There are 2 protein chains.
Amino acid sequence: MEISEALEALTSLSQEIRLRVFRLLVTASPHGLPAGAIAEELAVPANTLSFHLNHLRHAGLVSVRRQGRMQIYTARCDQVEFLKDFLTENCCTKSSCAS
Amino acid sequence: MEISEALEALTSLSQEIRLRVFRLLVTASPHGLPAGAIAEELAVPANTLSFHLNHLRHAGLVSVRRQGRMQIYTARCDQVEFLKDFLTENCCTKSSCAS
DNA sequence: TCCATATTTCTAGAATACTCGAAATATTGA
DNA sequence: TCAATATTTCGAGTATTCTAGAAATATGGA
């Protein structure tokens with residue numbers, strides 16, 4: 001993972017609503033959840049949520065598919081793995097790292 | 001690691017200058033580097049750097065000790081481990097995770 | 001004590017991010 | 001085609017973060 005991608009992922013996950021959205025989607029993995037269900041669960045207005053879902057999508061952390069009228073969002077857990085790898089390779093010394 | 005602590009660490013590392021500072025300090029681990037050397041290496045004004053070092057310090061990602069006139073900053077690599085653990089526990093499904 | 005060096009704090013302006021009402025778009029079913 | 005539902009886009013206001021000049025603080029050496 002490039003530093004610019006890592007920055008995008010870190011920026012996306014560093015916002016409370018987005019982190020909560022992502023965690024929720026991880027628990028709902030691999031089926032995903034429609035935007036409306038996320039908005040209701042987290043008590044966030046639909047348009048505000050849409051803004052954050054877009055942010056996560058641009059950062060590559062979620063993917064989306066349409067199912068009828070609904071947009072189903074799914075966590076891209078592999079991207080978190082890449083982020084963790086980035087942190088391991090760039091932000092850890094050998095001695096301090098388990099992996 | 002609590003969600004609020006994780007947010008602080010993610011926020012700190014999601015800013016380009018701070019991420020570069022942290023990576024530099026990891027390479028200089030465990031000795032650390034004086035603020036002036038970091039500023040010079042990254043070509044950032046001393047007071048701007050100070051702002052970001054403060055941010056990293058409040059997030060627990062670096063520690064500092066005085067050595068004569070210099071302030072020596074050191075990466076707290078263990079905190080990155082905690083952040084990775086947080087991501088593993090909260091943001092990964094079992095199937096998607098190596099660990 | 002006085003000066004030079006290293007760094008931080010103060011401050012205000014600039015840039016970026018977040019929020020949410022209102023309007024627009026997409027889909028389904030009648 | 002029309003109404004209802006699900007979601008997104010637009011736009012403007014608010015809040016937060018970043019930047020860097022200037023001044024302040026801390027230390028060591030002459």
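Keep in mind that the numbers below use all heavy atoms, side chains included, and drop hydrogens, waters and symmetry copies. Please read these numbers as outputs of a predicted model, since none were measured by experiment. Protein chains get the first letters and strands the later ones, always in sequence-line order, with residue 1 at the start of each.
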Whole angstrom is fine here: how far is it from [atom1] in [X] over to [atom2] in [N]?
X	N	atom1	atom2	answer
A/Glu16	D/dT16	CD	P	13 Å
B/Asn54	D/dT19	CG	P	14 Å
A/Leu7	D/dT17	CG	P	17 Å
A/Arg20	C/dC18	CZ	C1'	15 Å
A/Gln15	C/dT16	CD	P	18 Å
A/Ile72	C/dA26	CD1	P	18 Å
B/Gln71	C/dT9	CD	C1'	13 Å
B/His55	D/dT19	NE2	P	11 Å

*In a check of side chain to side chain contact (heavy atoms under 4.5 Å, CB included) between A/Ser12 and each of A/His52, A/Arg18, A/Gln79, A/Arg57, which one passes?*
A/Arg18
*asked:* Near DNA chain C, counting only heavy atoms under 4.0 Å, which residues of residues 23-52 of chain A show up?
replied: A/Pro45, A/Asn47, A/Thr48, A/Phe51, A/His52
*Under a 4.0 Å heavy-atom cut-off, which of residues 57-70 of chain B touch DNA chain C?*
B/Arg69, B/Met70
Transitive ILVMFWY side-chain link [X] to [Y], under 4.5 Å:
X	Y	result
A/Ile38	A/Val44	yes
B/Val80	A/Met1	yes
A/Phe51	A/Tyr73	no
B/Val21	B/Met70	no
B/Ile72	B/Leu24	no

*Phosphate OP1/OP2 of D/dT8 contacted by A/Tyr73 side-chain N/O (<4.0 Å)*: yes
*Between A/Asp85 and A/Glu89, does a side-chain contact (heavy atoms from CB on, under 4.5 Å) hold up when you go through it step by step?*
CA-CA 6 Å; A/Asp85 291 345; A/Glu89 285 160 27; 4.1 Å; yes
*Taking atom OG1 of B/Thr11 and atom CG of A/Leu13, what is their separation to the nearest 0.5 Å?*
10.0 Å
_5'-most by nearest nucleotide on DNA chain C - B/Leu53 or A/Thr11_ = B/Leu53
_Minimal non-hydrogen separation, A/Ala35 against A/Leu49, with atom names_ = O-CD2, 3.2 Å
